[in-house]
Amino acid sequence: PMQQQKRQPELVEGNLPVFVFPTELIFYADDQSTHKQVLTLYNPYEFALKFKVLCTTPNKYAVVDATGAVKPQCCVDIVIRHRDVRASYYGVMDKFRLQVSEQSQRKALGKKEIIATLLPSAKEQQQQKEEEEKRIKEHLTESVFFEQTLCQPENRTASSGPSLLTVFLGIVCIAALMLPTLGEMESLVPLYLHLSVNQKLVAAYVLG
C-alpha cells in the first residue's frame, strides 16, 4: 500500500518518464532502406502501459500500430514509414509524440517527443558527420590538454616523485651531517667546514 501511495501521485501528474529509442529518426531520400524506421518503446514499470503515437504532419508518415499496449517490463516496436519523399521536405523537422497511460486511465501519464528529418543523401550526410566528428575530436583534445596544463600542476609534481628542491635540500642536509662537528681537531676537513652540534640538529630535523 505504501508503494502505491507513493506511486499514484506520480502517475496522476503526467510526468512519468517514457523510454524510447531512438529519439531522432533520419530518413534519406536516396536510400530506400531508411524510408522505414523502427521506434522501440520500453516499459520498465510493474504495470502495463497503453501508448498512442501522434504526429505534427500525419500525411507524410504511415505508422503501423499507432496505438497499442506494452506489458510490464517488456518492449514493443513501432514501425514508421515515410510515404512522401520529395525535395521540398529536405531538412524539415517533423515531430512525433509518444503518449503513454496506464491501462485503467484515460489521462496521459507521460510523453516523449521524437524528431524526424528527411535528408537528400546518406553519403553527403556521412561526409558532414565525419567532418563534424573530426572537429569535435580536435576540439576535445585541445580542451583536455588545456585543462590539464591549467588545473593539475600540483597533482602532477606530487605524483611524479619529490621535487628538485626537496632532493637538493636533502643532499645539503646529508652533507652537513657528514661534516665533522666543531672540536674534532684530528680531521682532514678545513676548520670553516666544521659545524656546531646545533647546526647538525637543524640539518637532521630538515632531513626528517
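The basis for the numbers below is simple: all heavy atoms, side chains too, and nothing from hydrogens, waters or symmetry mates. All figures in this text were calculated on a predicted structure; none of them were measured in a lab.
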Applying side chain to side chain contact (heavy atoms under 4.5 Å, CB included), run through Leu49 and Leu41 and close with a yes or a no.
CA-CA 10 Å; Leu49 289 176; Leu41 170 64; 5.7 Å; no
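In the hydrophobic clustering of ILVMFWY residues, with side-chain heavy atoms under 4.5 Å counting as a link, Val64 and Phe96 come out apart. No path of Ile, Leu, Val, Met, Phe, Trp and Tyr side chains, each step under 4.5 Å between heavy atoms, connects Val100 with Val38, placing them in separate hydrophobic clusters. Taking hydrophobic clusters as Ile, Leu, Val, Met, Phe, Trp and Tyr residues chained together by side-chain heavy-atom distances below 4.5 Å, Phe21 shares a cluster with Val18.
Separation of atoms CZ (Phe19) and NZ (Lys112) is listed at 8.0 Å; rounding is to 0.5 Å. The CG atom of Leu119 sits 6.0 Å away from the CD1 atom of Ile26 when rounded to the nearest 0.5 Å. Note that NE2 of His82 is 12.5 Å distant from CD of Gln32, once rounded to the nearest 0.5 Å.
The shortest distance between side-chain heavy atoms of Tyr45 and Pro17 falls below 4.5 Å.
Scanning all heavy atoms of the two residues, the minimum distance from Glu102 to Lys50 falls at O-CE, 3.7 Å. The minimum heavy-atom distance linking Leu118 with Ala29 is given by the pair CD1-N, 4.0 Å. Contact between Thr117 and Met93 at its shortest, heavy atoms only, is OG1-CG, 3.9 Å.
Between the side chain of His35 and the backbone N or O of Tyr28, at least one donor-acceptor pair lies under 3.5 Å.
Applying the salt bridge (Lys or Arg N to Asp or Glu O under 4.0 Å) criterion to Arg83, with sequence neighbours excluded, gives no partner residue.
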Side-chain polar contacts of residues 51-61 - donor-acceptor pairs under 3.5 angstrom, sequence neighbours left out - could you list them?
from	atom 1	to	atom 2	distance (Å)
Thr56	OG1	Lys95	N	3.0
Thr56	OG1	Lys95	O	3.3
Thr57	OG1	Asp94	OD1	3.3
Lys60	NZ	Asp94	OD1	3.3
Lys60	NZ	Asp94	OD2	2.8
Tyr61	OH	Asp94	OD2	2.6

Return all side-chain donor-acceptor pairs below 3.5 angstrom for residues 65-80, not counting sequence neighbours, or 'none' if the list is empty.
from	atom 1	to	atom 2	distance (Å)
Asp77	OD1	Thr40	OG1	2.9

